[in-house]
6 protein chains.
Amino acid sequence: MRNDGRQAADLRPVTIQRRFTSAAAGSVLLQAGGTMVLCTASVEEGVPPWKKAQQDLTGWVTGEYSMLPGSTSPRKRRDREKVDGRTTEIQRLIGRSLRSVVDMAALGPRTITIDCDVLQADGGTRTLCITGGFIALAEAVHSLSAVLTGGPVLTGSVAAVSVGIVGGVPLLDLDYSEDVRADVDFNVVMTGRGEFVEVQGTAERAPFTRDLLNQQLALAQSGIERLTQLQRGTLGTAWPANLGG
Amino acid sequence: MRNDGRQAADLRPVTIQRRFTSAAAGSVLLQAGGTMVLCTASVEEGVPPWKKAQQDLTGWVTGEYSMLPGSTSPRKRRDREKVDGRTTEIQRLIGRSLRSVVDMAALGPRTITIDCDVLQADGGTRTLCITGGFIALAEAVHSLSAVLTGGPVLTGSVAAVSVGIVGGVPLLDLDYSEDVRADVDFNVVMTGRGEFVEVQGTAERAPFTRDLLNQQLALAQSGIERLTQLQRGTLGTAWPANLGG
Amino acid sequence: MRNDGRQAADLRPVTIQRRFTSAAAGSVLLQAGGTMVLCTASVEEGVPPWKKAQQDLTGWVTGEYSMLPGSTSPRKRRDREKVDGRTTEIQRLIGRSLRSVVDMAALGPRTITIDCDVLQADGGTRTLCITGGFIALAEAVHSLSAVLTGGPVLTGSVAAVSVGIVGGVPLLDLDYSEDVRADVDFNVVMTGRGEFVEVQGTAERAPFTRDLLNQQLALAQSGIERLTQLQRGTLGTAWPANLGG
Amino acid sequence: MRNDGRQAADLRPVTIQRRFTSAAAGSVLLQAGGTMVLCTASVEEGVPPWKKAQQDLTGWVTGEYSMLPGSTSPRKRRDREKVDGRTTEIQRLIGRSLRSVVDMAALGPRTITIDCDVLQADGGTRTLCITGGFIALAEAVHSLSAVLTGGPVLTGSVAAVSVGIVGGVPLLDLDYSEDVRADVDFNVVMTGRGEFVEVQGTAERAPFTRDLLNQQLALAQSGIERLTQLQRGTLGTAWPANLGG
Amino acid sequence: MRNDGRQAADLRPVTIQRRFTSAAAGSVLLQAGGTMVLCTASVEEGVPPWKKAQQDLTGWVTGEYSMLPGSTSPRKRRDREKVDGRTTEIQRLIGRSLRSVVDMAALGPRTITIDCDVLQADGGTRTLCITGGFIALAEAVHSLSAVLTGGPVLTGSVAAVSVGIVGGVPLLDLDYSEDVRADVDFNVVMTGRGEFVEVQGTAERAPFTRDLLNQQLALAQSGIERLTQLQRGTLGTAWPANLGG
Amino acid sequence: MRNDGRQAADLRPVTIQRRFTSAAAGSVLLQAGGTMVLCTASVEEGVPPWKKAQQDLTGWVTGEYSMLPGSTSPRKRRDREKVDGRTTEIQRLIGRSLRSVVDMAALGPRTITIDCDVLQADGGTRTLCITGGFIALAEAVHSLSAVLTGGPVLTGSVAAVSVGIVGGVPLLDLDYSEDVRADVDFNVVMTGRGEFVEVQGTAERAPFTRDLLNQQLALAQSGIERLTQLQRGTLGTAWPANLGG
């Protein structure tokens, strides 16, 4: 049994507070165990300069990730002069994952930025940001429904979870204390239809076999199914109609 | 009457959620009308390099301020390559204000960083950060009571509020819609004993007379008295005993 | 008596050398005691990008502040990779103060930059820069009189001085040795008509009462009156005619 | 058949020039089709500051990656003011991959930096850098054999290859023209013993099924076996004796 | 006799590999003794922003210089956050030298960037980059001959060499071990017609007389004649026809 | 005849104001025609980090160069985020030139920084900075005479001047209007004994012959003789005794 009483295939308890703030078009506060993230989706008319230069007027979705300094102990310094490598990697992952379910032509010449700010960090922040980022994105898209008339913008839903091998045993949704002891660390992003969007596995301590890789993917798949249900329940009528019930 | 129904001398409704997060030694979520800030206080053993270089082993308290991108509409870009001038100015104000009530010798060789992150901005963010920053600071100092044996660390309490002149009328605690129309903008920081710590007044549109200056200071004084009571009520037994009831 | 023989309400001796250099449209070298600043005013056709983006073709006035490395002992490092917080704060103050007396519509689509370079620093540099900056600005505006035909550009004059409390006594125009011992440090900016533009008071060591605040403002007011006379005498026929004699 | 005549499971032709330069302890020029990289391994006594701060005197291996401006058409701008996100991601991958086969205690208090400079880019640069980086690393370790007496430093060999799905078909070792058309892009890093070190798969265009994931991993595995044989042949007596023949 | 057996007036052995890479329009690998540089010439349509702003549509040629980290022992850190002063100086020299033989009007609205990357450094890198840079430039210009119809682009050839005074004796083409012992260090750039383009002499240790200056210039002149012959031999039919045989 | 009435071999009129400021150990304001520079010499105990790392406790002299924004028309932007290439080049030249006459062992473990700030620019700023920098340096060394007891610190004097070819004619000490029309631009640094320290000649427009090179050096030599006399006259008893009268 795990130190918080979970079984190997259990997610941490999740609480979701939709519309936690109101300035941005989409906003959600997610907690999974001790990890707490605020995801907002801001809509701007126009496309990024590099798209403009190519005269490409389809839309764009991008993600930013940041940990508040007080989210960890000891305190984490702010990225104020340059962004550290881990942050860069995470926000590229968030952006790619969310873009994989967006029809940019249907979105049209506007940019949606998903800001994921970690208020408290206890493992699994990047995957929680993807799961929450989709909720904020869907809400923002829903808020634009009057102006988006070129067919469904969201072609799927997307959610993510971490898995890993701790003491030889594959575990779902590692908290920080498990993460630091893990031999292998996997982040898996999937659509609500059960297809893979991203698979990122790293042997932190010891290379791993094909068989252990398969066990971890199975755990991730079951966790993501449950997270997809939570997303749908939270969004209610803002859940994209074209994705079914 | 003001657009939210307040009188000239009314504060916006304030809600305070102490210990909103638990990683940092002090943590509080404050809302005043539409403005929402998260203040955390992180304690680190040791003093900043410039103090070390002077072999000064008394403590240090510093503040950082940041607006989350989704806190405003349109979205605010992150300060990731350089900190903008307004942010620099605000965090210097926060640090100075909080230090004015700290006995650094009693704090001893440790650094407390007050991080003020604005989750939503609707005017008066810098003053709300000082008011909330003191709560987080007091909580962090309280959590250190076993190790801080050199007498009271906090020699006073500190709170802040904005005042301004809108349409010729002095108003307390401007919201954003009032702030953009104000001819004069004052930020006032005072101790719980009614003394001034900082007075920063700027004629945004039109120079002002000595008489209007006096009226604004009187409004600020009354607002800060009420904020001091809220701080005391929130902190309960963590309110510094030496400051009386 | 003060260490240079002054009374509490005395300014330091001031010398002003108009047109010290000739490349810029306005140029003045000011000395107040041991503090020496060179203020130049450069005119550029066009407005800053952020104004252009708003299709706002009224003018702009901005200030920059810098201390030469040899202006102090020990030497001050140059701000070559990032501008320090104190510099940012000071140049924002200079810009705001000068803009408070400029009619941007009358200035039209041009930008005047007031560069304040401190050749020697002995306290009160920021206020001397405002007082000198106005002279350079007025000279530059005067040099444009043939092209500025939309009414008076300068709606007032502006000057500044520091006051503070040293050993319990309010003093006017602190030099460096007084400044480091001051309990309170005030910078006051006023128009030639006796109205306030900026009031910035900081309790460096001990919070202060309303009564001491009032005494300091009175000292500042009297000092600024004398500085205004010096500005007028220096500018001669370049003093804006609409401001009277 | 592919545009250069290869079958789906074929690697591009590889040429390896060991000791292309002589200033660094290890140096190798690798070409795979049109992609050409120079990998050097430089040894420095001492450990990075963050290890020193933890009084950890075991060794460290890190990687840096850069594309020469002339390596592509159009020319690629140099990363001279900040490192772009893709570069950061790649060099973190190179470092993690190589560290997975290094016994840091046996390496002792020294740092080996593997510099991977891309002289020409035609797809698969990051994986070729890992394959070549291991050769440079092994050569550098071999050159230290007189001073490294704490047992084998290299606990395995490591090599990498890309796979992807183009037009629905899984292909090994994509060149640039294939890469831009790929629906899925996988980078796989494995040890010479056939275990996984890193698996990074991204749905560039369309999410993919578990079955296609499996086919891609099988292709990668066969490619890496051949690359391991080339590494062994190139290194000759510098191949770590403890890894067998 | 010198430590590699050369006479005072001998160049180091030079090997030149034209078209070492093929992505850029011009590419050459040069070795002079232990120094190895890769020069590429990349052509971009359009002119730099500062030329565009002046509505100047004549062409531009610029140079960049960089040492790969593994080119020296100990390893050289990459210039990734700012370019060091020596690098800046060298690339300005390379650009000026190459531009001195280019007719920008004949080049028309395009920019050629000569990238000089040092793969191994053993003295004389900047002069070898100029000599090689001209080869890459001539090749790029030759590749454009179909579109460049406004007369000869190259009005001359250019090459460079270092000279210095070691132990009182003027020597041609210093290697690193000579360079560090030199009292005077001269870099000389000349055209193929024997005129000076740049003369940069520095007394590293002891000021020098007019007579020694003259002896050094004579040595440089003879070395550059031989380098010009090598450039011509390498370029073959790509040697500009207007420069004669 | 030149546009200000000078002959080809004439210097511009020079005025020198020693001890223009008093915070730094050495300070001089120099004017040559329309060019005006302030040179200060600041002494700090201790040596730069890179010398300390080598346990080298001999002294160090370095130079910094900057143009005030108001020194030219149009205004020059401040180097506040990065130093431009020209500035880097100039301050390296100033530092090397001054160091060529300093006995670092005699100076001992202290650093002298020569700050050269251009108050007005009309050509020849870098050479005037060297000539003035030597005066500030000599004054600072003189001020240290009580503590510098290891023999003469200054082994010579140093001065500099520009020469160039305008309209085919070699001219001494170009002003800005001549500089922009020059075909060749030479900066020459020499000791008071007539030896060369730096020779930097650039064909701005057309390569030049050996004969024209010789004529320019002769002009420079005669100009520097006169500047040396001015330095000696200005310094008076602060002129290093060991350099004779």
Side-chain angles (χ1 to χ4, degrees), chain E residues 62-65 79 81-101 104 155-158 165 183-214 216-218 220-221 224, chain F residues 62-65 79 81-101 104 155-158 165 183-214 216-218 220-221 224:
Chain E
T62 185
E64 293 200 1
Y65 171 93
D79 285 337
E81 278 161 46
K82 70 178 219 186
V83 180
D84 74 26
R86 176 183 169 273
T87 296
T88 300
E89 219 169 270
I90 292 175
Q91 56 193 15
R92 281 163 63 88
L93 172 65
I94 294 171
R96 278 198 313 269
S97 298
L98 296 173
R99 281 192 295 274
S100 74
V101 294
M104 294 302 173
T155 61
S157 71
V158 74
I165 298 176
D183 288 326
V184 179
D185 182 23
F186 248 90
N187 291 296
V188 180
V189 185
M190 298 182 78
T191 64
R193 290 191 194 88
E195 292 161 316
F196 292 94
V197 170
E198 286 266 347
V199 176
Q200 295 198 342
T202 299
E204 302 273 347
R205 287 227 184 79
F208 53 95
T209 62
R210 182 75 179 268
D211 181 50
L212 277 171
L213 186 154
N214 287 337
Q216 291 175 88
L217 292 181
Q221 211 155 350
I224 287 174
Chain F
T62 185
E64 294 199 0
Y65 170 93
D79 285 337
E81 276 160 47
K82 72 178 218 185
V83 181
D84 74 24
R86 175 183 169 274
T87 296
T88 299
E89 219 170 271
I90 292 175
Q91 55 193 14
R92 282 163 61 88
L93 172 65
I94 294 171
R96 279 199 312 269
S97 298
L98 295 173
R99 282 193 294 275
S100 75
V101 294
M104 294 300 173
T155 61
S157 70
V158 74
I165 299 175
D183 289 326
V184 179
D185 182 22
F186 248 89
N187 290 296
V188 180
V189 186
M190 298 182 78
T191 64
R193 290 192 196 88
E195 293 162 315
F196 292 94
V197 171
E198 286 267 346
V199 176
Q200 295 198 343
T202 299
E204 301 275 345
R205 286 227 184 78
F208 53 95
T209 63
R210 182 75 178 268
D211 181 49
L212 277 171
L213 185 155
N214 287 337
Q216 291 176 88
L217 293 181
Q221 211 155 352
I224 287 175

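Computed from a predicted structure; not experimentally measured. Every chain is numbered from 1 and lettered A, B, ... according to where its sequence line falls, protein lines coming before strand lines.
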Would one find more than 12 heavy atoms of other residues, nucleotides or ligands at under 6.0 Å from atom CZ of E:Arg193?
-> no
Chi angles and distances behind the side chain to side chain contact (heavy atoms under 4.5 Å, CB included) call for F:Arg210, E:Gln221 | CA-CA 10 Å; F:Arg210 182 75 178 268; E:Gln221 211 155 350; 3.5 Å; yes
Contact leader toward chain E among F:Glu204, F:Arg99, F:Glu195, F:Arg92, where contacts are heavy-atom pairs under 4.5 Å = F:Arg92
Taking atom CG of E:Leu217 and atom CG of F:Asn214, what is their separation to the nearest 0.5 Å?
-> 8.0 Å
Can you tell which part of E:Gln91 gets under 4.5 Å to a heavy atom of chain F, answering side chain, backbone, both or neither?
-> neither
Under 4.5 Å from any heavy atom of chain E - which part of F:Leu213 | side chain
Locate the shortest heavy-atom distance separating F:Thr209 from E:Phe196; write the atom from each residue and the value.
-> C-CD1, 4.1 Å
Can you see which heavy atom on F:Thr88 is nearest to which on E:Gly85, and at what distance?
-> CG2-CA, 3.2 Å
Scan side-chain atoms only and decide if E:Glu198 and F:Thr202 contain a donor-acceptor pair under the 3.5 Å cut-off.
-> yes
E:Lys82, E:Gln200, E:Arg86: which one forms the most heavy-atom pairs within less than 4.5 Å of chain F?
-> E:Arg86
Can you name the nearest heavy-atom pair linking E:Phe208 to F:Val197, along with the distance?
-> CE2-O, 4.3 Å
In terms of heavy-atom proximity below 4.5 Å to chain F, should E:Asp84 be classed as side chain, backbone, both, or neither?
-> neither
